[in-house]
**Student:** 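One structure coming up, written as structure tokens, with questions to follow.
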Amino acid sequence: FRSSVDIVKSCTISRDLSRGKEIHSQVSAGRHCRNRYLNNLLVEMYGKCGETEQARRVFDTIRNPNLFSWNNVLIAYAQNGKLREAQNMLEKMPQRDSVSWTVVLSAYAASGHFEKAELLFNEMPEKDDFAWNTMVSAYAGGGFLEEADSVLKAMPYKGPVACTTMIGAYTQAGHIEKATEIFDTMPHRDVISWNAMLVAHAENGDLLKSEQLFDQMPERSLSSWNAMLAACAQHEDLDKARDLFERMPQRNILSWNTMIQACIEAGNFERASALFRMMPVQDTVSWTTMITGYSREGCIDVARRLFDAMPERDIATWNAMVGSYTASGQLAEAQRLFDRMHVHDVITWTALLAGYAQAGQMETAESIFYRLPGKN
RNA sequence: AACUGUGCCUGUA
């Protein structure tokens, strides 16, 4: 039993649907097939893997669903953008708690329905910290900084989550003074708040302030080290980056990727590719970083060889490769890759559009612009 | 008893 639980949980975390299905059929055939706890976990697993229908099917087999069961299907709907179903569910549930409300609120905000989110928030019988934080995050994520700030102001306790959300939002908007003000006046700072503020200064071009924060902070997580490393990379300070990288208490794949990026920003491709080969395991980010590095250096054929050699490509990889060709005026090859892609996003389209515009083919560029879905 | 919701770090124009 215990091991089934662990397997389902790990499938949820790694979004491993095929292994999830396997364990599901094993569970169904075993003597714990009616166990509510295990079935709740299965509902969650299917929901997180995007399989709303499966989640619902498992839920329907549960004899006496508890609040966890209900919330888990609700989350499956909400987090997969099935707003109508989620809303329905919320209304029909025999009991609902703050989690139920918050989940739907968050889903509305994620799809741009801020009025509905606000309405739900006001309807909530009792608002816990999560609900408040989610409302702040809803507005902040939509770029409504004033609304987010007024929710923050109304909060009974302005905890580190809500404040850090605001720091991030102000950073993105380029309002470093606002971010600083929040950071300086917030009642409690945790390591994540420190990290966010460190990033804020780096984004603002102030490496010195980032370093000061890094030195002052009461404790440092792996993310703190990675963020500081990224700050050095951004500012093309390879010496500082290397020194940090050597001193880090632990490294994960982000640390390696960031260090490679630091080398590339500083123009040291030798070092970048040495690190690339040296790292314990490369992911698509590592490969894409190298591809972009080489193509910026003008070595598009090397970039293409990496592209063809890598085990798996995601959309950013394809975009990088298309962008390499458009940037170097090889429109035909860019178009060929574009046509081979299964999914295009705004970045893909923009790259192609820019390529045609650059080449003076304005009619083609314009027609791409008009066909472009979800323009920003 | 164990299962659910919010904020930080890497690549693509």
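It should be emphasised that the depicted structure is a prediction, and the values quoted were computed from it without experimental measurement. A, B, ... follow the sequence lines: proteins, then strands. Residue 1 opens every chain.
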**Student:** I'd like to know whether CD of A:Glu146 has more than 12 heavy-atom contacts from other residues, nucleotides or ligands below 6.0 angstrom.
**Tutor:**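 Atom CD in A:Glu146 is not packed in, count stays at 12 or less.
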**Student:** In whole angstrom, what separates A:Ile260's CD1 from B:U12's P?
**Tutor:**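 After rounding, the reported distance stands at 13 Å.
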**Student:** Filter on ring pair (Phe, Tyr, Trp, His ring centres under 6.0 Å), then keep only pairs touching residues 96-117 of chain A, sequence neighbours left out; what's left?
**Tutor:**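 Non-adjacent pairs meeting ring pair (Phe, Tyr, Trp, His ring centres under 6.0 Å): A:Phe114-A:Phe144.
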**Student:** Give me the residues of residues 141-159 of chain A where at least one heavy atom lies under 4.0 Å from an atom of RNA chain B, by number, or none.
**Tutor:**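 Close to the strand, none.
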**Student:** Show the nearest heavy-atom pair for residues A:Asn195 and A:Ser223, with the distance to one decimal.
**Tutor:**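 What the structure gives for the nearest pair is ND2-CB, 3.8 Å.
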**Student:** Side-chain contact test, heavy atoms from C-beta onward, threshold under 4.5 Å: evaluate it for A:Glu211 versus A:Lys240 and give yes or no.
**Tutor:**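 Yes, side chains in contact.
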**Student:** Students often get this wrong, so: under 4.0 angstrom with heavy atoms, is A:Ser223 touching a base, only sugar-phosphate, or nothing?
**Tutor:**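 If one applies the 4.0 Å heavy-atom cut-off, A:Ser223 turns out to touch a base.
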**Student:** Do A:Val161 and A:Ile167 share a hydrophobic cluster, counting only Ile, Leu, Val, Met, Phe, Trp and Tyr and linking them when any side-chain heavy atoms are less than 4.5 Å apart?
**Tutor:**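 Shared cluster, no.
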**Student:** Using 4.0 Å as the upper bound for N to carboxylate O, is an ion pair formed by A:Arg242 and A:Glu246?
**Tutor:**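 Result for this pair is no, no salt bridge flagged.
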**Student:** Expressed as a whole number of angstroms, how long is the span from A:Gln261:CD to B:G11:P?
**Tutor:**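 Rounded to whole Å, this separation is 5 Å.
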**Student:** For A:Tyr157, does the OH atom have more than 12 heavy-atom neighbours from other residues, nucleotides or ligands under 6.0 Å away?
**Tutor:**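 It does: A:Tyr157 OH has more than 12 such atoms within range.
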**Student:** Does B:A13 have OP1 or OP2 under 4.0 Å away from a side-chain N or O of A:Arg296?
**Tutor:**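 It does, given that an N or O in the side chain of A:Arg296 lies less than 4.0 Å from OP1 or OP2 of B:A13.
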**Student:** What's the CG-C1' distance between A:Asp314 and B:G11, to the nearest Å?
**Tutor:**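 Spelled out: CG on A:Asp314 to C1' on B:G11 is 8 Å.
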**Student:** Enumerate the residue pairs fulfilling ring pair (Phe, Tyr, Trp, His ring centres under 6.0 Å) with a member in residues 204-232 of chain A, sequence neighbours excluded, ordered by first and then second residue.
**Tutor:**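 Output for this query lists A:Phe214-A:Trp225.
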**Student:** I need the CD-P distance between A:Gln172 and B:C8, as an integer number of Å.
**Tutor:**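 Distance check: A:Gln172 CD to B:C8 P gives 10 Å.
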**Student:** What nucleic acid atoms does A:Ala316 come within less than 4.0 Å of, heavy atoms only: base, sugar-phosphate, or nothing?
**Tutor:**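 Since a base atom lies under 4.0 Å of A:Ala316, the category is base.
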**Student:** Is there any ring pair (Phe, Tyr, Trp, His ring centres under 6.0 Å) pair reaching into residues 12-34 of chain A, and which pairs are they, with sequence neighbours excluded?
**Tutor:**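 Passing the test, one end in residues 12-34 of chain A: A:Phe1-A:His32, A:His24-A:Tyr46.
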**Student:** Could you pull out the closest heavy-atom pair between A:Leu152 and A:Val136, with the gap in Å?
**Tutor:**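 Smallest heavy-atom distance, with atoms named: N-CG2, 4.1 Å.
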**Student:** What does the 5'-to-3' dot-bracket notation of RNA chain B look like when only Watson-Crick and G-U wobble pairs under 3.5 Å count, and pairs to other strands show as |?
**Tutor:** .............
**Student:** Give me each pair satisfying ring pair (Phe, Tyr, Trp, His ring centres under 6.0 Å) with a member in residues 48-73 of chain A, each pair once, sequence neighbours excluded.
**Tutor:**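 Of all non-adjacent pairs touching residues 48-73 of chain A, those that pass ring pair (Phe, Tyr, Trp, His ring centres under 6.0 Å) are A:Phe59-A:Trp70.
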**Student:** At a heavy-atom distance below 4.0 Å, what parts of residues 266-285 of chain A sit against RNA chain B?
**Tutor:**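 Correct list: A:Thr284, A:Val285.
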**Student:** Considering non-hydrogen atoms only, spot the tightest contact between A:Ala154 and A:Trp132 and give its length.
**Tutor:**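 The pair with the smallest heavy-atom distance is O-CH2, 3.6 Å.
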**Student:** Send over the distance from A:Phe307 CZ to B:U12 P, rounded to a whole Å.
**Tutor:**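 Distance check: A:Phe307 CZ to B:U12 P gives 15 Å.
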**Student:** Only one of A:Glu91, A:Glu85, A:Arg84 forms a side-chain hydrogen bond (donor to acceptor under 3.5 Å, both in side chains) with A:Gln87, so which one is it?
**Tutor:**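 Of all the options given, the one that passes is A:Glu91.
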**Student:** Give A:Thr289 one of three labels, base, sugar-phosphate or nothing, depending on what nucleic acid heavy atoms sit under 4.0 Å from its own.
**Tutor:**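 Sugar-phosphate, backbone atoms only, no base.
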**Student:** Taking only residues at least two apart or on different chains, which pairs with a member in residues 333-360 of chain A satisfy salt bridge (Lys or Arg N to Asp or Glu O under 4.0 Å)?
**Tutor:**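 For residues 333-360 of chain A: A:Arg304-A:Glu333, A:Glu333-A:Arg336.
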**Student:** Keeping to residues at least two apart or across chains, list the side-chain hydrogen bond (donor to acceptor under 3.5 Å, both in side chains) pairs with something in residues 163-178 of chain A.
**Tutor:**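 Every pair satisfying side-chain hydrogen bond (donor to acceptor under 3.5 Å, both in side chains) with a residue in residues 163-178 of chain A: A:Thr164-A:Ser193.
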**Student:** Rounded to the nearest angstrom, tell me the gap between atom OH in A:Tyr294 and atom C1' in B:G11.
**Tutor:**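 Atom OH in A:Tyr294 sits about 15 Å away from atom C1' in B:G11.
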**Student:** For A:Phe307, which residues count as a ring-ring contact (aromatic ring centres under 6.0 Å, His included) partner, sequence neighbours excluded?
**Tutor:**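 ring-ring contact (aromatic ring centres under 6.0 Å, His included) check on A:Phe307 returns A:Trp318.
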**Student:** Nucleotide by nucleotide, 5' to 3', does protein get under 4.0 Å of the base (B), only the sugar-phosphate (S), or neither (-) in nucleotides 2-7 of chain B, counting heavy atoms?
**Tutor:** BBBBBB
**Student:** Which residues in residues 333-368 of chain A have at least one heavy atom lying under 4.0 Å from any atom of RNA chain B?
**Tutor:**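 Contacting residues: A:Ile347, A:Thr350, A:Ala351.
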**Student:** Using whole Å, report how far CG of A:Asn195 lies from C1' of B:C9.
**Tutor:**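 Taking CG of A:Asn195 and C1' of B:C9, I get 7 Å after rounding.
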